[in-house]
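Since the structure comes first, as structure tokens, the remarks are kept for the end.
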Amino acid sequence: MLRRMLLRRLLTLSASVCVLRAASGKAAANPRLSRLYSMFIAPCCWRENLTVHQSPKADELRAEIDGYVQQGWSDQQIQDKLIGAYSRRILALPEGTQGHVLSWAPWVALLSGGAFVSWVIARSVRLGATAKPMACLLLCAGVALGQWKQADPPAKPGGGMPFLTKSPKGAVYISWIDAEGGAGQGHALRMAEWNGTAWVRPETIARGKRWFVNWADFPAVSVANDGSMLAHWLDRAPNGGTYGYGVRVARREPGAQGAWREVAAFHVNDPKDYAGFLSFVGGRSAAYLAPPAGGQQGGHHHGGDEDHGHLKTLRVAEFGAAGEVVRDVEIDGDVCSCCQTASAMTPSGMVIAYRDHLPGEIRDISIVRVRDGKAGTPEVLHRDGWQINGCPTEGPTIAAVGRTAGIAWTTRAGGVSRLQLAWSQDGGEKFRAPVRADDGNPLGRPHLATVDADQQLLVWLEKVGATSVEVRLRRVGADGRLGPSFKVASVGTGRSAGLPKVAVHGDQVLVAWREDTVRAGWLPLSSVPSLVMRKEVRP
């Protein structure tokens, strides 16, 4: 019975593929059009060629190609015209010879995957209950991949440092940096809002010619309860050296699209030292790294007589109703000098997570709680014991809702790469022992987004073999369970891949990353595999 049911479903799927293939209209009757359509990618999603992609933009481009053919243009003339309008990204392959492989590949993969999953399910039935979890994981992962939709923001080629932020009312925004023209023309920080299907209302937050642009120290945007927004970027000091830069902050009034006004600057005049790695929380506060004030140590100092070069402190700034800085205090007097900070708000106050600089060159994660403008004593979140004589340039991530907070980070203590995840369900007062949340060989760079009080989504980079890296996504539970992961995209192995980001928009999951430029996509939250793996606590 089961085998007959699976066979019927596969035959139905095959018939559906044939119907889709036959719906190519003019291309089916005109071999030249079919060849031309297969040469170019739909410029709305940049994922499928014009033979198979269905969208208003794809229809428009097919009509444009039809017109060129009717005017007697050669294939090369059409290709040159479209490259001039869209860049070489419009080509299905760099040589423009993708042909029909791309149009058939998704369906062949779908059929093959369906056949494989069907075989696993049938085998599970024969083997009994012990094999059913594996079949469930494969089926869930297949559903997730089938629901994925590419939706890149309007970033220029070479754009980078994507950041996703969610407003208190649920809106999601993406920000990124574009280069302005050629070398020496400066950069621009831009932003767009997600409308459920695309990134809309793009705007420029700031422009500059002296910016410090670095894969690890990236701009961010935050939204306050009243709808006002804060954004920051990094600006070099006049006549500054390689690492002479500071933070500039701009504010936008509620609903005032494009009307950004600079309201604050931190440590922007030192030509030899820097401040950065800022993380906003609640549109009213921010944690960041800066040199010691006046060359003096303060706050929580770990001691030691080593020459650490660019010594950094952790500071917290609070912004007033108009964006002015009303408080700026040092929290920890000696922290890892170039790792991202992470901040979240709970009913008990702000929780800041950061990579610390502990005696013996230990670079474990510490947290500090800030209540009513007063900071508690920093404490180590978990003693991994990662000893490294230098900064690993990778900080933690934190997400919180209500009294539940999750913190994820990468450690390579003992020479083993692990992605750790620790939970608190009392507003950040105490965190349980971490679980390992990677798939065995993480490059790291994790980011968390909240689903509800019991679950979050984790995105990170996982190594596959010696030369491949994947952006992966999974559910993680406050009870220590993990959902099966699945691949979102393949990226480079170096710094150019940046740090992937994830956000939840209603019943959608959005992921952003960098692959030559800023990329993004989404899938239904219901398509992300559920928490099914057994809890496993690993120090």
Subject >> Verdict with reasoning, E462 to S417, per side-chain contact (heavy atoms from CB on, under 4.5 Å) >> reply: CA-CA 10 Å; E462 182 81 14; S417 294; over 6 Å; no
Subject >> side-chain contact (heavy atoms from CB on, under 4.5 Å) assessment of T517 paired with W176 >> reply: CA-CA 10 Å; T517 187; W176 70 93; over 6 Å; no
Original post:
Run the side-chain contact (heavy atoms from CB on, under 4.5 Å) check on K156 and R190 step by step: do they pass?
Top reply: CA-CA 11 Å; K156 294 182 179 180; R190 296 197 167 96; 4.0 Å; yes
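No hydrogens or angles considered: nothing links the side chains of D217 and Y274 as a donor-acceptor pair under 3.5 Å. Checking S366 against D364 by side-chain atom types alone, no donor-acceptor pair falls below 3.5 Å.
Partners of N225 by side-chain contact (heavy atoms from CB on, under 4.5 Å), not counting sequence neighbours, listed by chain and number: P168. In this structure, K501 has no salt bridge (Lys or Arg N to Asp or Glu O under 4.0 Å) partners at least two apart in sequence or on a different chain. Applying the ring-ring contact (aromatic ring centres under 6.0 Å, His included) criterion to H232, with sequence neighbours excluded, gives F280. Partners of T450 by side-chain contact (heavy atoms from CB on, under 4.5 Å), not counting sequence neighbours, listed by chain and number: A399, V401, Q456. The salt bridge (Lys or Arg N to Asp or Glu O under 4.0 Å) check on R327 picks up E318, with sequence neighbours excluded. Taking W211 as the reference, W233 meet the ring-ring contact (aromatic ring centres under 6.0 Å, His included) condition, with sequence neighbours excluded. Residues meeting the ring-ring contact (aromatic ring centres under 6.0 Å, His included) test with W409, sequence neighbours left out: none. In this structure, A85 has no side-chain contact (heavy atoms from CB on, under 4.5 Å) partners at least two apart in sequence or on a different chain. Legend: residues meeting side-chain contact (heavy atoms from CB on, under 4.5 Å) with D328, ordered by chain and number and at least two apart, are F266, Y288, R315, A317, V325. For the side chain to side chain donor-acceptor pair (under 3.5 Å) test, residues two or more places apart in sequence or in another chain that qualify with R472 are D439, E470.
Scanning all heavy atoms of the two residues, the minimum distance from L289 to C338 falls at CD1-N, 4.4 Å. Nearest heavy-atom pair, L421 versus A437, reported as atom, atom and distance to 0.1 Å: CB-CB, 4.2 Å. F431 and A405 get closest at one heavy-atom pair: CE2-O, 3.8 Å. What you find for R261 and A322 is that their closest heavy atoms are NH2-O, 3.2 Å. Summarising the geometry of W460 relative to G444, their closest heavy-atom pair is CB-O, 3.6 Å, with the distance given to 0.1 Å. Between V518 and P162, the shortest heavy-atom distance links the atoms CG1-CB, 3.6 Å.
S348 is not listed as a side-chain neighbour of R369, based on a closest heavy-atom distance of 4.5 Å or more. Looking at D332 and Y354, their side chains come closer than 4.5 Å, going by heavy atoms from C-beta outward. The shortest side-chain heavy-atom distance between L473 and L523 falls under the 4.5 Å cut-off. The shortest side-chain heavy-atom distance between V335 and T341 does not fall under the 4.5 Å cut-off. A 4.5 Å side-chain heavy-atom check between H447 and P500 finds every atom pair outside the cut-off. For the pair I174 and W194, the minimum side-chain heavy-atom distance is 4.5 Å or more. You'll find the side chain of P292 reaches within 4.5 Å of the side chain of L311, heavy atoms only.
Salt bridge R251/E324: absent, no basic N to carboxylate O contact under 4.0 Å. Ionic pairing of R436 and D438 is present here: one or more N-O contacts between side-chain nitrogen and carboxylate oxygen are shorter than 4.0 angstrom. Between D372 and K374 there is no salt bridge, since no side-chain N of the basic residue sits under 4.0 Å from a carboxylate O of the acidic one. With salt bridges taken as basic N to acidic carboxylate O contacts below 4.0 Å, none links D454 and R475.
Ring planes of Y245 and F212: parallel class, angle under 30° (limits at 30 and 60°).
A donor-acceptor contact shorter than 3.5 Å links the side chain of T165 to the backbone of V221. In this structure, R412 contributes its side chain and W386 its backbone to no donor-acceptor pair below 3.5 Å.
Among pairs with a residue in residues 203-216, those fulfilling salt bridge (charged side-chain N to carboxylate O under 4.0 Å, His left out) read E180-R207, E203-R252, R210-D235, at least two apart in sequence or across chains. Contacts classified as salt bridge (charged side-chain N to carboxylate O under 4.0 Å, His left out) and involving residues 505-521 (residues at least two apart or in different chains) are given here: D152-R519.
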